[in-house]
Structures are given as C-alpha cells and as structure tokens.
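One structure below.
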There are 2 protein chains.
Amino acid sequence: MPSSLVLDRLLLLSDLLQRDMSRAFDGGPLTTARVHLLWVVHHAGPQTQQSLATALDVTPRNVTGLVDALVESGHVVRAPHPTDRRAVLVTLTGLGADTMRRMAVDHAQLDADLVADLTDDERSIVAGALDRITARLQSLMAAAAAEEGTSVEAERP
Amino acid sequence: MPSSLVLDRLLLLSDLLQRDMSRAFDGGPLTTARVHLLWVVHHAGPQTQQSLATALDVTPRNVTGLVDALVESGHVVRAPHPTDRRAVLVTLTGLGADTMRRMAVDHAQLDADLVADLTDDERSIVAGALDRITARLQSLMAAAAAEEGTSVEAERP
DNA sequence: TATTGTTATACTCTATAACTATA
DNA sequence: TATAGTTATAGAGTATAACAATA
C-alpha cells in the first residue's frame with residue numbers, strides 16, 4: 001500500500017536489494033563499503049586513494065580505512081605510483097580480481113531474475129523511466145546544492 | 001552506461017535518494033535510522049521497542065539506542081505499557097508528530113517531482129513493474145533463507 | 001520458563017582536524 | 001604553496017552476550 005507513486009516503492013526495493021546483496025559476503029571480511037571500493041577498482045583500474053575518495057564520495061581518511069581492511073584480507077595491494085612518490089595505486093590481487101569476477105556473474109544473474117516477470121516492452125519502458133527519474137533527481141540535487149552555495153556565500157559577506 | 005537492465009539503475013538511484021533525503025536533516029539530531037523509526041511510529045502508532053525492532057529488522061539493543069537519542073532530542077517519549085510493566089510504548093511528542101507531518105509533505109513533493117517527466121502510461125507501468133520486481137526479489141530471498149535454514153538444520157543432526 | 005529492555009563490549013562506516021612527505 | 005595519505009579523535013549504526021524485572 002504505497003502512498004506515493006514511485007518513491008515508497010523505490011525505497012522498499014533499495015532496502016531489500018541491499019540486504020540481499022550483503023547476504024552474499026556475510027560473515028566474511030567483505031562489507032558493502034569494501035565491495036563498493038573493489039567494484040570501482042575492478043571497473044576503472046588501479047588508481048590513487050584520492051581518486052577512490054572522489055568516486056565513492058567519501059573522505060580520503062575513510063578510504064585509508066577501507067583499503068587497510070582490504071589489504072589485510074588480501075583483496076588489494078598498495079602499489080607505488082610510477083611518478084608521484086606521495087601517492088599509491090590501489091590494485092586488485094588475484095583474489096580480489098577473482099572475487100569481482102564472481103560478483104559480476106551473480107550481479108548479472110540477479111538482474112536477469114528481477115526482470116523475469118516483465119515483457120520486453122515493460123523492460124525498456126522501466127529502464128528509460130528510471131534513467132529519467134535519476135536525471136530529474138540529479139537536477140533537483142544540483143539546484144539545491146547551488147542554492148545552498150549562494151546562501152553560504154551570503155553568510156560570508 | 002549501465003551494464004545491467006535495472007539493477008545498476010536501481011542501485012544508483014537508491015544511493016542518490018538516500019543522499020538527497022538525508023540532506024534535509026543534516027546537522028540536526030535526526031539521522032536516517034532515527035527518522036525510519038519515527039516513520040514507523042507515525043504510521044503504525046505507539047508501540048513497544050520489540051515491535052519496532054521487528055519492523056526495522058534490527059536488534060532490540062539497537063532500538064534502545066535510537067529511542068534514547070530521540071527522547072534526548074524531544075521527538076518521542078517512553079510511555080508505560082497499560083498492561084505489561086516490562087514494556088514501554090514509544091510515542092511521538094508534539095515535536096515528533098509535527099516533524100513527521102512536514103516530512104510527509106516533502107516526501108509527497110519529491111515523489112511528484114521525480115515522475116514529472118513521465119506520462120501517465122509510463123507511471124502506471126513503472127509502478128506495476130516495481131511491484132513485480134519487489135515481489136520477485138522477496139520470493140528469491142525467501143527461497144535463499146529457506147535453503148540456508150535446511151543446510152543449518154543439516155549441520156545439526 | 002519466556003519475554004522486555006538494558007548494560008557491557010566490539011566492529012564498521014563516516015567525518016573533521018592536524019600532521020608528514022612529497023610535488 | 002598545494003596535494004596524498006596518515007594519525008588522532010569522535011559520533012552513529014549495528015551485533016552478540018549476559019543480566020534484571022516482569023509475565
């Protein structure tokens with residue numbers, strides 16, 4: 001009995017998805033935040049912690065902790081940056097790469113399972129609608145951030 | 001460039017929604033977990049912490065901490081249970097009720113904003129599709145839980 | 001004996017601020 | 001002077017286990 005058209009449905013589904021996906025690595029050293037980091041490295045390749053902090057939208061300090069744990073569990077290593085001796089390149093180990101390959105398969109399987117009940121038409125309409133909803137939300141957030149920016153400016157004459 | 005049909009889109013959207021909605025009470029005493037609890041009380045009425053623990057799918061100990069913070073901030077009170085002297089009824093204060101009414105308005109506004117670009121046909125297709133995706137996921141999770149249950153049973157002959 | 005809530009303890013994610021080493 | 005990463009500190013969410021009061 002959602003009182004809203006899509007918001008309540010999206011929130012419920014988000015919650016369930018998070019629970020379901022974290023069930024896969026429950027009990028082990030991996031967590032949602034660590035897997036998120038691995039996912040970025042898997043897709044975008046070895047990169048600095050700064051770059052990861054931007055991609056994950058968290059502080060550099062936070063990345064330090066996540067990488068520490070992933071080094072401890074053997075999923076990544078800190079490789080020296082070829083030209084900048086301040087920086088490190090967070091790089092997947094064999095274990096890390098294997099883990100991500102397995103997760104990608106599970107991910108694709110889950111995606112296919114989720115839309116199993118939908119017709120082709122419905123699938124393309126839903127995909128397009130989700131893209132437009134996302135774009136809409138991003139534009140709303142950008143507008144809110146800009147407004148907050150000006151009001152912060154106003155507070156610093 | 002989502003590699004999956006709906007999963008990547010849903011995960012991205014979830015993340016943005018969470019960030020956007022938590023922006024509203026950023027800096028104040030409220031947090032996502034506390035607002036979630038308030039939401040349940042607002043909709044289902046005064047109830048015990050056990051009941052909240054079940055509704056939120058967290059441990060009773062966790063509820064104690066959330067209620068402590070919400071009592072401190074003046075959003076709820078612990079009222080005595082009429083018949084069970086062990087239990088308390090978590091109840092909204094005037095501030096708590098006002099806060100939730102305002103949030104419900106914002107919630108409805110956001111919902112309307114999100115689907116502003118969609119046609120009526122698209123809206124109903126998306127709503128129906130999300131319901132079926134959710135049902136599908138719930139059934140997958142129930143099956144996984146059942147299987148885990150049997151294997152746990154198997155380990156205890 | 002079972003249930004409600006709490007105290008005790010611990011781990012994870014997250015943030016800010018100050019600091020070191022390097023650019 | 002600015003940037004990359006770390007140490008120090010803190011708050012929040014979450015969990016398990018042991019315990020009190022009450023059913």
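Each chain gets a letter, A, B and so on, in the order its sequence line appears, and its residues count up from 1. In what follows, every heavy atom counts, from backbone to side chain, and hydrogens, waters and symmetry copies are set aside.
Leu130(A) contributes atom CG, which lies 9.0 Å from atom CG of Leu5(B) (distance to the nearest 0.5 angstrom). In this structure, the separation between CG on Asp131(A) and CG on Leu12(B) is 9.0 Å, given to the nearest 0.5 Å. Rounded to the nearest 0.5 Å, atoms CG (Asn62(A)) and CG (Leu56(A)) are 8.0 Å apart. Note: Asp106(B) CG to Asp20(B) CG = 10.0 Å, rounded to the nearest 0.5 Å.
Applying the side chain to side chain donor-acceptor pair (under 3.5 Å) rule to pairs touching residues 66-78 of chain B yields Gln49(B)-Arg78(B), Asp68(B)-Arg78(B), Ser73(B)-His75(B), sequence neighbours excluded. Residue pairs meeting the salt bridge (charged side-chain N to carboxylate O under 4.0 Å, His left out) criterion with at least one member in residues 40-64 of chain A, sequence neighbours excluded: Asp57(A)-Arg19(B). Sorted by first then second residue, the salt bridge (charged side-chain N to carboxylate O under 4.0 Å, His left out) pairs that include residues 91-101 of chain B, not counting sequence neighbours, are Asp98(B)-Arg101(B). Counting only residues at least two apart or in different chains, side chain to side chain donor-acceptor pair (under 3.5 Å) contacts with residues 133-144 of chain B comprise Asp117(A)-Arg136(B).
For DNA chain C, the neighbouring residues in residues 51-71 of chain A, judged by any heavy atom under 4.0 Å, are Val58(A), Thr59(A), Arg61(A), Asn62(A), Leu66(A). A heavy-atom distance below 4.0 Å to DNA chain D is reached by these residues of residues 77-86 of chain A, ordered by number: Arg78(A), Arg86(A). Of the residues in residues 27-34 of chain B, none lies under 4.0 Å from DNA chain C by heavy-atom distance.
Legend: residues meeting side chain to side chain donor-acceptor pair (under 3.5 Å) with Arg132(A), ordered by chain and number and at least two apart, are Glu122(B). Annotation: side chain to side chain donor-acceptor pair (under 3.5 Å) contacts of Asp84(B) (sequence neighbours excluded): Arg86(B). The side chain to side chain donor-acceptor pair (under 3.5 Å) search around Arg85(B) returns none, not counting sequence neighbours.
For DNA chain C, the span of nucleotides reached by chain A at under 4.0 Å from its heavy atoms goes, 5' to 3', from dT12(C) to dA23(C).
For the pair Leu37(B) CG and dT14(D) C1', the computed distance is 14 Å after rounding to whole Å. A straight line from CD of Gln18(A) to P of dG13(D) spans 15 Å, rounded to a whole angstrom.
Closest approach of Met21(A) to Leu11(B), counting heavy atoms only: CE-CD2, 3.7 Å.
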In a table with atom names and distances, give each donor-acceptor pair under 3.5 Å that connects a side chain of residues 28-36 of chain A to protein atoms at least two apart or in another chain.
unit_1	atom_1	unit_2	atom_2	d
Thr31(A)	OG1	Arg34(A)	N	3.3
Arg34(A)	NH1	Pro29(A)	O	2.4

